[in-house]
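Just so you know, these numbers use all the heavy atoms, side chains as well, and skip hydrogens, waters and symmetry mates. Naming: A, B, ... by sequence-line order, numbering from 1 per chain.
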Number of protein chains: 2
Amino acid sequence: MQKQETLSKNQKIILDLIEKSDQPLKAYSILFDVKKKGINAPLQVYRALDKLVEIGKIHKIESRNAFIACKNSKCQIAKATVFSICESCEDVTEIHDHKLSEHLRNFKDNKGMKYNKYNLEFFGLCKKCI
Amino acid sequence: MQKQETLSKNQKIILDLIEKSDQPLKAYSILFDVKKKGINAPLQVYRALDKLVEIGKIHKIESRNAFIACKNSKCQIAKATVFSICESCEDVTEIHDHKLSEHLRNFKDNKGMKYNKYNLEFFGLCKKCI
DNA sequence: TAACGCTGTGTAATAATATAACATATTTAA
DNA sequence: TTAAATATGTTATATTATTACACAGCGTTA
Ligand SMILES: [Zn+2]
Ligand SMILES: [Zn+2]
Ligand SMILES: [Zn+2]
Ligand SMILES: [Zn+2]
């Protein structure tokens, strides 16, 4: 919570917008929406997005080049993300599954990699689209 | 193997190139390399890439917008991919871990999604970069 | 208080990634 | 042998992201 207080003007504007949407937003759609607030250039948006991702307030959906707010206070350090994505309606939901997280957190390959982050995206059809 | 035989000219050229590299290649770097073979436009590359991804000959590394050849005959239907990515040297390795695959294949959320695909990317430091 | 590092802002230009639209050719299958 | 499906070639354009540069605000510290 105290991190919220230290956000800059542009970061707040953009986080507010993303948090109001329950679905991922794309950078240029964000740019369009915040022009009325005086944010004029892509770079202003990308800088805020980078910071918000870094502190875990939002996550990037890599397969969609879009950004969604994190609703889980526990993953504020965006190091372990799991999403479910409907390939028909594009609905995206963040998944918090303790057993799955444990499994992924404990995963060791046989090459001696030292992991500090993972991102998992499940694709399929949601209830409405089946 | 018989799928290889049915690849078109452009698909073969581009698959050959990707298979010769043990690391992911980006679309425009592929384009640059195949110009000498008569492939002149981005779309020709992207069309081949789409097809090769579809039949599981290559995979897209979503977080890097790059394409890597699949060396595992079992995942020819690119529905279940796991990668390890070194954030320092950008080395990418496809992971085949039976236990992990089982776990992911069997994962069910509580929203009634019907999954048909997943992609997992681990990030960290490889042995050389630690 | 001045010098400095750090973080953020604003702006313009450009790079990098990907697709639309259209015309034509080749392969496959009924 | 026609029709459908798949692939090609080309131009233009859309979308996503970064580089480069100038400057502002703030806390530290010499
Ligand atoms: Zn989260
Ligand atoms: Zn759906
Ligand atoms: Zn594979
Ligand atoms: Zn490395």
Side-chain angles (χ1 to χ4, degrees), chain A residues 2-18 21 23-68 85 87 90 92 119 121, chain B residues 2-18 21 23-68 85 87 90 92 119 121:
Chain A
Q2 84 269 29
K3 288 237 171 173
Q4 172 76 18
E5 308 314 313
T6 75
L7 292 179
S8 75
K9 175 174 142 282
N10 288 1
Q11 289 159 12
K12 269 183 207 135
I13 291 170
I14 285 168
L15 178 57
D16 280 355
L17 182 69
I18 297 175
S21 166
Q23 287 301 301
L25 299 180
K26 313 203 111 202
Y28 276 73
S29 124
I30 292 169
L31 175 58
F32 179 88
D33 286 345
V34 297
K35 281 210 162 143
K36 53 179 98 76
K37 304 242 179 185
I39 294 176
N40 299 300
L43 189 50
Q44 294 174 284
V45 173
Y46 280 106
R47 283 197 285 222
L49 290 173
D50 286 351
K51 183 68 179 190
L52 293 168
V53 166
E54 187 192 324
I55 64 176
K57 287 289 185 183
I58 65 175
H59 303 303
K60 181 171 187 181
I61 311 298
E62 292 288 355
S63 66
R64 299 299 185 260
N65 299 314
F67 300 84
I68 193 167
I85 303 170
E87 289 184 302
E90 290 294 322
V92 174
N119 178 58
E121 297 180 8
Chain B
Q2 83 268 30
K3 289 237 168 170
Q4 171 77 19
E5 309 313 315
T6 75
L7 291 180
S8 76
K9 175 173 142 283
N10 288 0
Q11 289 158 14
K12 269 183 207 131
I13 291 170
I14 285 168
L15 178 57
D16 280 355
L17 183 69
I18 297 175
S21 166
Q23 286 301 300
L25 298 179
K26 312 204 113 202
Y28 277 73
S29 123
I30 292 169
L31 175 58
F32 179 87
D33 287 345
V34 298
K35 280 210 161 143
K36 52 179 97 77
K37 304 241 178 186
I39 294 176
N40 299 300
L43 190 49
Q44 294 174 284
V45 173
Y46 280 106
R47 284 196 285 224
L49 290 173
D50 285 351
K51 184 68 180 187
L52 293 168
V53 166
E54 187 192 324
I55 65 178
K57 289 289 185 183
I58 65 174
H59 303 304
K60 181 172 186 180
I61 312 298
E62 292 288 355
S63 67
R64 298 299 186 260
N65 299 315
F67 301 84
I68 193 167
I85 303 170
E87 290 184 301
E90 289 295 320
V92 174
N119 178 58
E121 298 180 7

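Residues A:L52 and A:Q11 approach most closely at CD1-O, 3.9 Å, considering heavy atoms. A:A27 approaches A:V45 most closely through the heavy-atom pair O-CG1, 3.8 Å.
Using a 4.5 Å cut-off on side-chain heavy atoms (C-beta onward), B:I14 and B:I58 make no contact.
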Exercise for the section: Could you go through the side chain to side chain contact (heavy atoms under 4.5 Å, CB included) check for B:I39 and B:I30 one step at a time? Expected result: CA-CA 10 Å; B:I39 294 176; B:I30 292 169; over 6 Å; no
Exercise for the section: Take A:S63 and A:I85 through the test side chain to side chain contact (heavy atoms under 4.5 Å, CB included) and record every step on the way to the result. Expected result: CA-CA 10 Å; A:S63 66; A:I85 303 170; 3.7 Å; yes
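Not a single side chain to side chain donor-acceptor pair (under 3.5 Å) links A:E62 to another residue, sequence neighbours left out. In terms of the side-chain contact (heavy atoms from CB on, under 4.5 Å) criterion, residue partners of B:E87 (sequence neighbours excluded) are, by chain and number, A:N116, A:K117, B:R64, B:F123.
In this structure, A:K60 NZ and A:N65 CG are separated by 5.0 Å, a value rounded to the nearest 0.5 Å. In this structure, CG on A:L25 lies 11.0 Å from CD1 on A:I61, to the nearest 0.5 angstrom. Expressed to the nearest 0.5 Å, how far CG of B:L17 lies from CG of B:L31 amounts to 11.0 Å. Rounded to the nearest 0.5 Å, atoms CG (A:N10) and CG (A:L15) are 12.5 Å apart. Note that CG of A:D16 and CD1 of A:I18 are 10.0 Å apart. Values are rounded to the nearest 0.5 Å.
Within the helix from C:dT1-D:dA30 to C:dA30-D:dT1, the inter-axis angle between the opening and closing five-pair segments is 30°, rounded to 10°.
If you take CG of A:L7 and P of C:dG8, they are 9 Å apart, rounded to a whole angstrom. At whole-Å resolution of the value, CG in A:N10 and P in C:dT11 are 11 Å apart. Atom CD1 in A:I14 sits roughly 13 Å away from atom C1' in C:dG10 (whole-Å rounding). Nucleotide C:dG8 holds its C1' atom 13 Å from the CG atom of A:L52, rounded to whole Å.
Pairs of residues two or more places apart, or lying in two chains, that qualify as side chain to side chain donor-acceptor pair (under 3.5 Å) and include a residue from residues 23-51 of chain B are B:Q23-B:D91.
At the phosphate of C:dT9, neither OP1 nor OP2 sits under 4.0 Å from any side-chain N or O atom of A:Q44.
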Table of protein N/O atoms under 3.5 Å from nucleotides 18-24 of chain C N/O atoms:
residue, atom, partner, partner atom, Å
C:dA18, OP1, B:K60, NZ, 2.8
C:dA18, OP1, B:N65, OD1, 3.4
C:dA18, OP2, B:Y46, OH, 3.1
C:dA18, N7, B:Y28, OH, 2.8
C:dA18, N6, B:Y28, OH, 3.1

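Proximity of residues 31-40 of chain A to DNA chain C (heavy atom under 4.0 angstrom from any strand atom) is restricted to A:N40.
Note that the first and last nucleotides of DNA chain D, 5' to 3', having any atom under 4.0 angstrom from a heavy atom of chain A are D:dT16 to D:dA20.
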